[in-house]
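Single-structure report; data block below.
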Amino acid sequence: MKRYRHYTKDKAIILSVFGSVIEQDKYLEFKKLIEDTFTDVDVFIAVSSRMVLKDLIKKGFDYKNLAQTMADVDMLGYKNIIVSSVNLFPACEHELLKKTIHGFSQFSFANIRLSNAILTKTKDTTLFFKELDDLVSKKNTANLYVIHGAPKLIFGGLASISYSAKYLEDKNENNYTCSLEGAFPYFAIKDELIRKMKKNGVKKVQIIPLLLVSGNHYIKDMVEIKEELSEHFKAKIVKTITEDDKFNLLQWKNTTDIIINNIKEEIIKLGH
């Protein structure tokens, strides 16, 4: 096939990230980690948030969405493309990746594979939250885990979100969960949360943002939640679990290990 003769390079990895206007450096550091792990593979970044993408371009950065990045990588002649879903839960952002890859595969001769989102497998998810909860929990302090959430109740990834919330609440009687914009959002259930915490004798509570980077949601939403809870309890945002001064999950080794293993799994499926 004449067209296939132009595919002269072996493998490329595209890290599909949501992106962040103020924390994009975290994703660049992560890209360097992936490059150091897969030294024989070229690594690219695609930004899925159109709002973030527009702001980054305005600031002079050269970023593209997944469809644009796949087109560039295809034009460069890569036979095998692995799209790494750098999304915590396999919800709406992950579903968009599936649709984008399916559409692109209709006319590209490259072999394109999509990795799982981070918290897709039951064992990975269980161990992830067991170790995180063991790491951040403190005596006589309640934990409020804040999940970003999915805006629609129709995606399969909601099972991962629901399981995560239930596991955390079952694991520790001092654990509470809510979302920012998904099921059981903080703004809608905050009165019930506060009432339940008071009934259980909570005096101190720490907020754990289940976010990959400490971007606008961390600066705005988490601070707002902390201030509201401070009217009733001694409240704070949990201290960092990484070298960064703000809590984030992308720099945590447990997170990056899952992503790396997901990429390795797709490479094996390629037969390489």
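Side-chain atoms are counted along with the backbone in the values below, which use heavy atoms only and exclude waters and symmetry mates.
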side-chain contact (heavy atoms from CB on, under 4.5 Å) between His232 and Met197, intermediate numbers included:
CA-CA 10 Å; His232 306 273; Met197 288 180 183; over 6 Å; no
Exercise: identify the closest heavy-atom pair between Phe104 and Ala67:
CE1-O, 4.2 Å
If only atom types and distance count, is the side chain of Thr240 paired as donor or acceptor with the main-chain N or O of Asp245 below 3.5 Å?
no
Taking atom CG of Leu76 and atom NZ of Lys9, what is their separation to the nearest 0.5 Å?
5.0 Å
Heavy atoms from other residues, nucleotides or ligands near CZ of Phe233 exceed 12 (cutoff 6.0 Å)
yes
For Lys121, check salt bridge (Lys or Arg N to Asp or Glu O under 4.0 Å) against everything at least two apart and list the hits.
Glu265
Which of Leu15, Leu97, Ile260 passes side-chain contact (heavy atoms from CB on, under 4.5 Å) with Ser84? It is Leu15
Is any side-chain N of the basic residue among Lys32 and Glu29 closer than 4.0 Å to the acidic one's carboxylate O?
no
Do the non-hydrogen side-chain atoms of Asn248 and Glu23 ever get within less than 4.5 Å of each other?
no
Euclidean distance, Leu132 CG relative to Leu127 CG, rounded to 0.5 Å
12.5 Å
So, using ring pair (Phe, Tyr, Trp, His ring centres under 6.0 Å) as the criterion, who are the partners of Phe129 when residues are at least two apart?
none
Joint hydrophobic cluster, Leu212 plus Ile237, side-chain heavy atoms closer than 4.5 Å
yes
Between Ser162 and Ala159, is there a donor-acceptor pair closer than 3.5 Å when you use the side chain of the first and the backbone of the second?
no
Between Ile208 and Asn143, the two heavy atoms sitting closest are CD1-CB, 3.5 Å
Asp124 and Asn116, any side-chain heavy atoms less than 4.5 Å apart
no
Between Glu95 (side chain) and Ala91 (backbone), is there a donor-acceptor pair under 3.5 Å?
no
Provide the closest heavy-atom pair for Ser179 versus Val146 in the form atom of the first, atom of the second, distance.
C-CG1, 4.4 Å
Sub-3.5 Å donor-acceptor pair from the side chain of Asn200 to the main-chain atoms of Val202, do we have one?
no
Is it true that Arg195 and Asp191 make a salt bridge, defined as a side-chain N closer than 4.0 Å to a carboxylate O?
no
With rounding to the nearest 0.5 Å, note down the distance linking CG in Leu66 to OG1 in Thr100.
5.5 Å
Check whether any side-chain heavy atom of Leu211 lies under 4.5 Å from a side-chain heavy atom of Phe247, and answer yes or no.
no
Is it true that Val17 and Leu96 fall in one hydrophobic cluster, defined by side-chain heavy atoms closer than 4.5 Å?
no
Using the side-chain contact (heavy atoms from CB on, under 4.5 Å) rule, take Met70 and Ile14 through it: C-alpha gap first, then chi angles, then the decisive distance, then the call.
CA-CA 8 Å; Met70 283 198 296; Ile14 300 176; 3.7 Å; yes
Evaluate side-chain contact (heavy atoms from CB on, under 4.5 Å) for Ser164 paired with Tyr145, printing each intermediate quantity in order.
CA-CA 10 Å; Ser164 300; Tyr145 286 92; over 6 Å; no
Is Glu35 paired with Lys31 through a side-chain N to carboxylate O contact shorter than 4.0 Å?
yes
I'd like to check the ring pair (Phe, Tyr, Trp, His ring centres under 6.0 Å) partners of Tyr27; sequence neighbours left out, ordered by chain and number.
none
Val41 and Ile13 have their tightest heavy-atom pair at CG1-CG1, 3.6 Å
Could you tell me which residues satisfy side chain to side chain donor-acceptor pair (under 3.5 Å) with Lys138, sequence neighbours excluded, listed by chain and number?
none
Leu270 side chain reached by Arg113 side chain, heavy atoms, under 4.5 Å:
yes
Give a yes or no answer on whether the side chain of Thr141 reaches the backbone of Val205 with a donor-acceptor pair at less than 3.5 Å.
no
Atom pair OG/CD of Ser16 and Glu93 - distance to nearest 0.5 Å
8.0 Å
Do you know the tightest heavy-atom contact between Val238 and Pro209?
CG1-CD, 4.2 Å
Using side-chain heavy atoms (C-beta onward) and a distance below 4.5 Å, is Asn80 in contact with Asp10?
yes
Between the CG atom in Leu119 and the CD1 atom in Ile258, the distance rounded to the nearest 0.5 Å is 6.0 Å
Would you confirm whether Gln106, through its side chain, and Gly103, through its main-chain N or O, come within 3.5 Å as a donor-acceptor pair?
no
Show the numbers, then the answer: is there a salt bridge (Lys or Arg N to Asp or Glu O under 4.0 Å) between Asp55 and Lys59?
CA-CA 6 Å; Asp55 282 344; Lys59 292 177 183 292; over 6 Å; no
Give a yes or no answer on whether the side chain of Thr242 reaches the backbone of Trp252 with a donor-acceptor pair at less than 3.5 Å.
no
Using modelled atom types and a 3.5 Å cut-off, is there a donor and acceptor pairing between side-chain atoms of Asn175 and backbone atoms of Leu168?
yes
Transitive ILVMFWY side-chain link Ile259 to Leu114, under 4.5 Å
no
Can you tell me how far apart OG (Ser48) and NE2 (His94) are? Round to the nearest 0.5 Å.
12.0 Å
Report the residues that fulfil side chain to side chain donor-acceptor pair (under 3.5 Å) with Asp72, sequence neighbours left out, ordered by chain and then residue number.
Lys64
Verify the distance criterion only: is there a donor paired with an acceptor across the side chains of Tyr63 and Thr69 at less than 3.5 Å?
no
side-chain contact (heavy atoms from CB on, under 4.5 Å) between Lys203 and Lys234, intermediate numbers included
CA-CA 6 Å; Lys203 303 297 181 184; Lys234 187 175 181 180; over 6 Å; no
Are the side chain of Asn87 and the backbone N or O of Pro90 linked by a donor-acceptor pair below 3.5 Å?
no
For Val136, does its backbone N or O pair with a side-chain atom of Gln206 as donor and acceptor, under 3.5 Å?
yes
Would a hydrophobic clustering, with Ile, Leu, Val, Met, Phe, Trp and Tyr connected at side-chain separations under 4.5 Å, put Tyr7 with Val83?
no
Do Glu228 and Tyr186 have side-chain N/O donor and acceptor atoms under 3.5 Å apart?
yes
How would you list, by chain and number, every residue that makes a salt bridge (Lys or Arg N to Asp or Glu O under 4.0 Å) with Asp133, sequence neighbours excluded?
Lys171
Group every Ile, Leu, Val, Met, Phe, Trp and Tyr by side-chain heavy-atom contacts under 4.5 Å, then state whether Met51 and Ile45 land in the same group.
no
Nearest non-hydrogen partners of Asp74 and Ser108, listed with the distance
OD1-OG, 2.6 Å
